[in-house]
There are 2 protein chains.
Amino acid sequence: MSRPREFDVDRALCQSMEMFWTKGFKSTSFEDLTRTTQVKKQSLYGVFKDKRELFLKALALYREQSVAMLEELASQEVSPLQKLKAICDAALYPNEEAMRRGCFMVNTVLEFGADDQEINREAELMYSQVERILEKVIRSGQERQLITTRQSSKELAAFLNNALSGAKVMEKSGASREQIDEVLRTTFALIAPENAR
Amino acid sequence: MSRPREFDVDRALCQSMEMFWTKGFKSTSFEDLTRTTQVKKQSLYGVFKDKRELFLKALALYREQSVAMLEELASQEVSPLQKLKAICDAALYPNEEAMRRGCFMVNTVLEFGADDQEINREAELMYSQVERILEKVIRSGQERQLITTRQSSKELAAFLNNALSGAKVMEKSGASREQIDEVLRTTFALIAPENAR
DNA sequence: TCCGTTTTTGACCACGCAGTCAATAAAGTA
DNA sequence: TACTTTATTGACTGCGTGGTCAAAAACGGA
């Protein structure tokens with residue numbers, strides 16, 4: 001009936017995500033996108049309304065991938081504290097380049113600010129999903145008496161998530177992994193003074 | 001000898017800082033700057049080499065002002081824990097608009113990323129100055145047995161500073177003050193379980 | 001083989017941007 | 001008052017940008 005599309009939309013979206021993650025929204029030009037995706041401008045516009053829609057789709061993809069990775073880790077058969085540590089590691093260092101790029105969601109929230117509702121809806125979604133995962137693991141740690149501070153699992157999850165945000169800022173500002181890990185060690189030591197190794 | 005300058009450089013720098021703080025580097029156009037400062041383009045160029053130099057000066061000014069404010073708070077005659085709380089409050093809510101703008105330094109680090117050495121030198125300077133202040137207060141809290149966790153003052157200062165970074169991200173992402181304060185309460189409760197009210 | 005539909009392609013446009021130029025104005029000095 | 005020096009002013013420039021247009025190409029169906 002008609003000419004079929006020659007490029008893989010998911011692939012292009014994924015590559016665009018990498019680009020936006022690395023350079024941010026404003027600093028990524030459409031030419032950057034056509035170069036990395038090898039898809040011509042008009043073909044992208046045929047699928048995505050404009051640069052912003054492509055960005056929002058890329059951001060949602062990032063959230064889905066990240067949350068899926070953390071959920072996977074939370075379902076492993078290790079102790080709750082080890083799970084928490086693994087989740088933090090994965091959130092901060094999901095792959096090789098992440099140290100330079102930081103967290104796409106944090107970068108984005110900071111770039112767009114408090115006024116952009118669509119962006120902030122996405123960010124809140126990620127925050128709540130990550131906190132839900134953290135809370136579940138923390139609760140199981142409390143049930144096994146590994147975490148005995150008097151705070152609720154919800155409070156601790158929000159607290160830990162916040163510490164992660166801070167670490168993601170450090171990451172982007174070029175702090176060494178050792179510096180970041182020291183902060184994280186302190187954080188864990190405060191949550192589980194007896195059992196944080 | 002020659003015609004004297006008509007505008008106040010410090011005043012223009014301060015106004016530029018507000019602008020950059022609100023909109024970031026890339027999103028602030030030179031026209032934004034000439035409008036808020038009421039100084040014509042060429043006059044600004046007469047004092048500052050280019051937009052970037054003006055930005056760097058504004059960033060340094062922000063750091064100086066912020067650190068001075070925190071130092072002032074640290075020298076008040078109240079208990080160390082109250083001091084810490086006051087410092088955190090001042091770091092997060094230095095004035096009315098800060099909730100929307102977040103922290104200029106965190107915003108900047110996230111905008112420029114790990115590659116910009118000049119920016120990161122400035123950020124590291126602020127980090128180290130703030131941590132030095134925090135550490136001093138924490139140490140006095142330890143000496144008075146108000147803080148009895150086993151971590152060193154240096155570790156706790158880095159940890160607290162990191163929690164502040166996280167809170168600054170929440171701030172910029174439009175979280176409510178109540179949400180932020182809850183995280184901060186948890187943070188203080190973990191540092192000083194007995195004495196954090 | 002021809003037609004209708006949709007993708008592809010590259011040229012194109014209007015705009016906002018940082019930074020520059022050259023003419024003019026204003027001060028101090030002699 | 002004339003001269004030197006610097007600040008001011010507004011017009012200008014070149015570039016990169018997101019987004020559009022219209023022609024050409026490729027496919028499926030008849």
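Each chain gets a letter, A, B and so on, in the order the sequences are listed, and its residues count up from 1.
Cys88(B) SG to Phe188(B) CZ: the interatomic distance, rounded to the nearest 0.5 Å, is 4.0 Å.
dG19(C) atom P lies 11 Å from atom CZ of Arg52(B), rounded to whole Å. For Leu44(B) and dT8(D), the CG to P distance is 10 Å, given to the nearest whole Å. Whole-Å rounding puts the Tyr45(A) OH to dC12(C) C1' distance at 14 Å. The CZ atom of Phe48(A) sits 14 Å away from the P atom of dG19(D) (whole-angstrom rounding). Between the CZ atom of Phe25(B) and the P atom of dC17(C) there is a distance of 13 Å, rounded to whole Å. Put simply, CZ on Phe7(A) is 15 Å from C1' on dA26(D), counting in whole angstrom units. Rounding to whole angstrom units, CD of residue Glu53(B) and C1' of dG19(C) are separated by 14 Å. Atom CZ in Arg5(B) sits about 15 Å away from atom P in dG28(C), given to the nearest Å.
Side-chain atoms of Leu190(B) and Phe159(A), non-hydrogen and from C-beta on, do get closer than 4.5 Å to each other. Inter-residue side-chain proximity for Leu184(B) and Leu92(B) is flagged as met; some heavy-atom pair is nearer than 4.5 Å.
When the salt bridge (charged side-chain N to carboxylate O under 4.0 Å, His left out) test is applied to Glu71(B), the partners found at least two apart in sequence or on another chain are Arg132(B). Residues meeting the side-chain contact (heavy atoms from CB on, under 4.5 Å) test with Lys51(B), sequence neighbours left out: Phe20(B), Phe25(B), Phe30(B). Applying the side-chain contact (heavy atoms from CB on, under 4.5 Å) criterion to Glu143(B), with sequence neighbours excluded, gives Arg139(B), Ser140(B).
Remark: Glu124(A) CD is loosely packed, at most 12 non-hydrogen atoms of other residues, nucleotides or ligands lying under 6.0 Å away.
Remark on the helix from dT1(C)-dA30(D) to dA30(C)-dT1(D): inter-end axis angle 10°, axes from five-pair C1' superpositions, rounded to 10°.
Checked against Glu18(B) for a salt bridge (charged side-chain N to carboxylate O under 4.0 Å, His left out), the options Lys23(B), Arg11(B), Arg101(B) give a single hit: Arg101(B).
For residues 10-22 of chain A, proximity to DNA chain C is found at no residue, defined as any non-hydrogen atom under 4.0 angstrom from a strand atom.
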(message) Go through it in stages, so that I can follow the logic: the residues are Thr36(B) and Asp32(B), the test is side-chain contact (heavy atoms from CB on, under 4.5 Å), and I'd like the CA-CA distance, side-chain angles, deciding distance and then a yes or no.
(response) CA-CA 6 Å; Thr36(B) 54; Asp32(B) 288 329; 5.8 Å; no
(message) Arg52(B) vs Asp116(B), test: side-chain contact (heavy atoms from CB on, under 4.5 Å). Steps then yes/no.
(response) CA-CA 12 Å; Arg52(B) 181 182 166 91; Asp116(B) 195 308; 2.9 Å; yes
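Tyr62(B) and Leu125(B) fall into different hydrophobic clusters, where Ile, Leu, Val, Met, Phe, Trp and Tyr are joined by side-chain heavy atoms under 4.5 Å apart, directly or via other members.
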What N/O pairs connect the protein and nucleotides 10-17 of chain D at under 3.5 Å? Give each pair on its own line.
none

